[in-house]
Amino acid sequence: MKLYNTLTKTKEEFIPIKPGEIRMYSCGPTVYNYFHIGNARPFVIFDVFRRYMEHKGYKVTFVQNFTDIDDKMIQRAKEEGLTVQELAEKFIAEYFVDADGLGIRRADFHPKATEHIDDIIAFVQKLMDKGLAYQAGSDVYFDTGAYEGYGRLSGQNLEDLELGARIDINDKKKNPMDFVLWKGQKPGEPAWDSPWGPGRPGWHIECSVMATKYLGETIDIHSGGQDLIFPHHENEIAQSEGATGKPFARYWLHNGYINVDNRKMSKSLGNFFTVRDISKDFDPEVVRLFMLSSHYRNPINFSRELLEQAQSALERLYNARNNLEHLLKDAEEKPADESEKQFLDRLPRFKEDFERAMEDDINTADAVGVIFDLVREINIHVTAGRSAGTIRAALDALKSLTGILGLLNRKQGSLDGEIEELIEKREQARKMKNWALADSIRDQLKEQGIVLEDTPQGVRWKRL
RNA sequence: GGCGGCAUAGCCAAGUGGUAAGGCAGAGGACUGCAAAUCCUUUACCCCCAGUUCAAAUCUGGGUGCCGCCUCCA
């Protein structure tokens, strides 16, 4: 498996610290709102990475945090008339609703900052003890000047950063790039007691603390959006390596942005679409396929038209699956004939091609292409009269590959009796060549979202 | 000012030395009572200019255009 490592700016062969095991941390959402599809991209792509590595037999321990205390949380809670904790609980629940819809599996741990205050305080204390942090008023700052190697991840050095700095004037800091580890309480804000007085953790520290707590001082992979490279991940490295003296993460993975009209989708620009909003018009699985159709490090433009394209593509996948399941219903158990054998012999190649794509820095776009190649092969060769074994093999191959990408989660389900009766009535009408009646029933069902397709093996239905 | 990314058909998008995967849309055909699904056929001067090479979308240099980070942000 080759992965592009932001730390080295090269594609490297991935070698886990412990053979067969992967420990990975991915930055999760600040839970003050529904998340938008820009936020969703890392959730989806790193979920796919995790699924793929598990498919390859790795034991993956995956941690994704919830930031449940910060300025935005406090402000939003105030606006909503909720406590910060109530706000967090609400949007953590909503996170899971949308994440489930997108087919994102739960992490092994979803730690929250507020549940690790003691750990955070101990961590900050450790940095103080090492002379890498200092108290200024009621705040505690990380001393970037005292830490060697600041800027390694983002390819910046302190001087250049300061030259272009658009940072707030803050007299309390020794160095403009110093960042807060512990924020002293302001009136009306939630706070926890600490050696430096009541306050709350800064943003960056929670990830260092929770990553090392759940995964160890050196982890295999740390991931997130490109906008986290600086300063968030830079600061995580400084804190973690400052505190432990060990490398923090071996591989840093960063996904590209989702753009709208070629501009980055972001909360501050206000040009964002929440997954929740999009779910009103599209199955979130469409969003998932949309994201996986391009390489994760490339920016992708978002538009309704592109989702419609993805939706049509997804339908093609479902059609193939539904067709196989339909064929399987009354397929015979019999030995494969010569042409079936040839088809079966070709099946493993799709898996190989798929894996080759995935091994190349998670090239899901290429991998999706392989799935469509497989679909065509299946549509050509797996037709009426094929043996049950052949159909099953095709279905297994398709489900296996789409499963790794977390696609085709929708179940075919069943129809209620009333609709079944209508379908039967239409079948009778067709036998009598009463096309007018047959077509009117078909139209009527379509109104209800049931599409009928007549095949040589009888009528097949699907939901719109 | 510093650092970085991208430019492939109507729309999306892989491909990083041997003359272009895949999807969507379109056109024609097959199948169908009609459809749908499916299959077949069809649609690319790979941003521009130089250079390296037997050979470049792919490497090098120079342009042009767009975007991002350096501030909260996935």
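Chain letters run A, B, ... following the sequence lines, proteins first, then strands; residues in each count from 1. Side chains included, hydrogens not; waters and symmetry mates left out as well; all remaining heavy atoms used.
- With B:A37, B:A14, B:C40 as the candidates, the nucleotide lying closest to the side chain of A:I380 is B:C40.
- Salt-bridge formation is not detected for the pair A:R346/A:E340: no Lys NZ or Arg NE/NH1/NH2 atom is positioned less than 4.0 Å from an Asp or Glu carboxylate oxygen.
- Under 4.0 angstrom from either OP1 or OP2 of B:G68 there lies at least one side-chain N or O belonging to A:R263.
- Here, B:C39 and B:A7 have their P atoms 30 Å apart, quoted to the whole Å.
- Taking atom CD on A:Q156 and atom C1' on B:C69, their separation rounds to 7 Å, with Å as the unit.
- Following rounding to the nearest Å, A:F272 (CZ) and B:C73 (C1') show an atom-to-atom distance of 11 Å.
- Taking the P atom of each, B:C66 and B:A27 are spaced 35 Å apart, rounded to whole Å.
- The separation of B:U8 from B:U58, taken at their C1' atoms, amounts to 11 Å, rounded to a whole angstrom.
- The NE2-C1' distance, from A:H232 to B:C73, rounds to 11 Å in whole Å.
- Using a 4.0 Å heavy-atom distance criterion, A:L289 is classed as making no nucleic acid contact.
- To the nearest whole angstrom, the two P atoms, one in B:G4 and one in B:C45, are 34 Å apart.
- Note on A:N259: every side-chain N or O is 4.0 Å or more away from OP1 and OP2 of B:G68.
- Atoms CE (A:M177) and P (B:C70) sit 10 Å apart, rounded to a whole Å.
- Using a 4.0 Å heavy-atom distance criterion, A:I229 is classed as making no nucleic acid contact.
- Base contact: A:G38 has a heavy atom under 4.0 Å from a base atom.
- B:C24: Watson-Crick or G-U partner is B:G10, with both key distances under 3.5 Å.
- When heavy atoms are screened at a 4.0 angstrom cut-off, A:E305 is found touching the sugar-phosphate backbone but no base atom.
- Nearest-nucleotide positions on RNA chain B for A:N319 and A:A40 put A:N319 closer to the 5' end.
- Contact check, A:K267 against B:A74: a side-chain N or O comes under 4.0 Å of OP1 or OP2.
- Residue contacts for A:P231: at a heavy-atom cut-off of 4.0 Å it reaches the sugar-phosphate backbone alone, with no base atom in range.
- Of all nucleotides present, none satisfies the Watson-Crick or G-U wobble test against B:A37 with each distance under 3.5 Å.
- Comparing B:C70, B:C72, B:C73 against the side chain of A:L161 picks out B:C70 as the nearest.
- Contact annotation: A:N298 side-chain N/O to B:A14 OP1/OP2 distance is under 4.0 Å.
- Neither side chain, A:E236 nor A:Y25, offers a donor N or O lying under 3.5 Å from an acceptor on the other.
- The base-pairing partner of B:C69, taking Watson-Crick or G-U wobble contacts with both distances under 3.5 Å, is B:G2.
- The phosphate of B:A35 (OP1 or OP2) has no side-chain N or O of A:K446 nearer than 4.0 angstrom.
- Listed nucleotides B:C34, B:A37, B:C73 differ in distance to A:D454; the shortest reach to its side chain belongs to B:C34.
- Taking the centre of each ring, A:Y296 and A:F49 stay at or above the 6.0 Å mark.
- Under the Watson-Crick or G-U wobble criterion, with both distances below 3.5 Å, B:C31 has no partner in any strand shown.
- Across all strands shown, B:U19 forms no Watson-Crick or G-U wobble pair with both key distances under 3.5 Å.
- A:L269 comes within 4.0 angstrom of nothing in the nucleic acid, heavy atoms only.
- For A:H254 and B:C73, the NE2 to P distance is 13 Å, given to the nearest whole Å.
- Side-chain N/O atoms of A:K264 and base N/O atoms of B:C67 include no donor-acceptor pair closer than 3.5 Å.
- A salt bridge is defined here as a Lys NZ or Arg NE, NH1 or NH2 lying under 4.0 Å from an Asp or Glu carboxylate O, and A:K90 with A:E94 fails to meet this definition.
- Within the 4.0 angstrom heavy-atom criterion, no nucleotide atom of any strand lies near A:D70.
- The side chain of A:S294 has B:A13 as its nearest neighbour among B:G15, B:A13, B:A37.
- Rounded to whole Å, the separation between the P atoms of B:A44 and B:G10 comes to 9 Å.
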Measure all distances between protein nitrogen or oxygen atoms and nitrogen or oxygen atoms of nucleotides 22-25 of chain B, and list the pairs falling under 3.5 Å.
from  : atom 1 : to     : atom 2 : distance (Å)
B:G23 : N2     : A:Q309 : OE1    : 2.7

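- Within the nucleic acid shown, A:N379 comes within 4.0 Å of sugar-phosphate atoms alone, with no base atom in reach, counting heavy atoms only.
- The CZ-C1' distance, from A:R297 to B:A13, rounds to 15 Å in whole Å.
- Checking B:C11, B:C73, B:A35 against the side-chain heavy atoms of A:W203 singles out B:C73 as nearest.
- A salt bridge is defined here as a Lys NZ or Arg NE, NH1 or NH2 lying under 4.0 Å from an Asp or Glu carboxylate O, and A:R76 with A:D71 fails to meet this definition.
- Of all nucleotides listed (B:A74, B:G33, B:G4), B:G4 comes nearest to the side chain of A:K9.
- Contact check on A:R288 versus A:D283 returns no salt bridge, with no Lys/Arg side-chain nitrogen under 4.0 Å from an Asp/Glu carboxylate oxygen.
- The interatomic distance linking A:E453 (CD) with B:C39 (P) rounds to 13 Å, in whole Å.
- Under a 4.0 Å N-O distance rule, the pair A:R263/A:D261 does not qualify as a salt bridge.
- The residues A:R442 and A:D439 are annotated as salt-bridged, a charged nitrogen and a carboxylate oxygen being separated by less than 4.0 angstrom.
- Separating the P atom of B:G61 from that of B:C72 is a span of 34 Å, rounded to the nearest Å.
- Between B:G18 and B:U32, the distance separating the two C1' atoms is 45 Å to the nearest Å.
- A:Q428 and A:E424 form a side-chain donor-acceptor contact under 3.5 Å, judged by distance and modelled atom types alone.
- Note on A:D47 versus A:R51: salt bridge recorded, some NZ/NE/NH1/NH2 to OD/OE distance being below 4.0 Å.
- Aromatic pair A:H110/A:Y214: ring centres not closer than 6.0 Å.
- Pairing of B:U60, defined by two Watson-Crick or G-U wobble distances under 3.5 Å, is identified with B:A50.
- In this entry the distance linking CD1 of A:I441 with C1' of B:A36 reads 17 Å, nearest Å.
- Taking atom C1' in both B:U43 and B:G26, the straight-line distance is 9 Å, to the nearest Å.
- When heavy atoms are screened at a 4.0 angstrom cut-off, A:Y257 is found touching base atoms of the nucleic acid.
- Nucleic acid contact for A:R304: none, since no nucleic acid atom lies under 4.0 Å from a heavy atom of the residue.
- Residue A:R442 places a side-chain atom within donor-acceptor reach of the base of B:A35, judged by atom type and a 3.5 Å distance cut-off alone.
- Closest-nucleotide positions on RNA chain B for A:S154 and A:W435 were compared, and the one nearer the 5' end corresponds to A:S154.
- The aromatic ring centres of A:H233 and A:H204 sit 6.0 Å or more apart.
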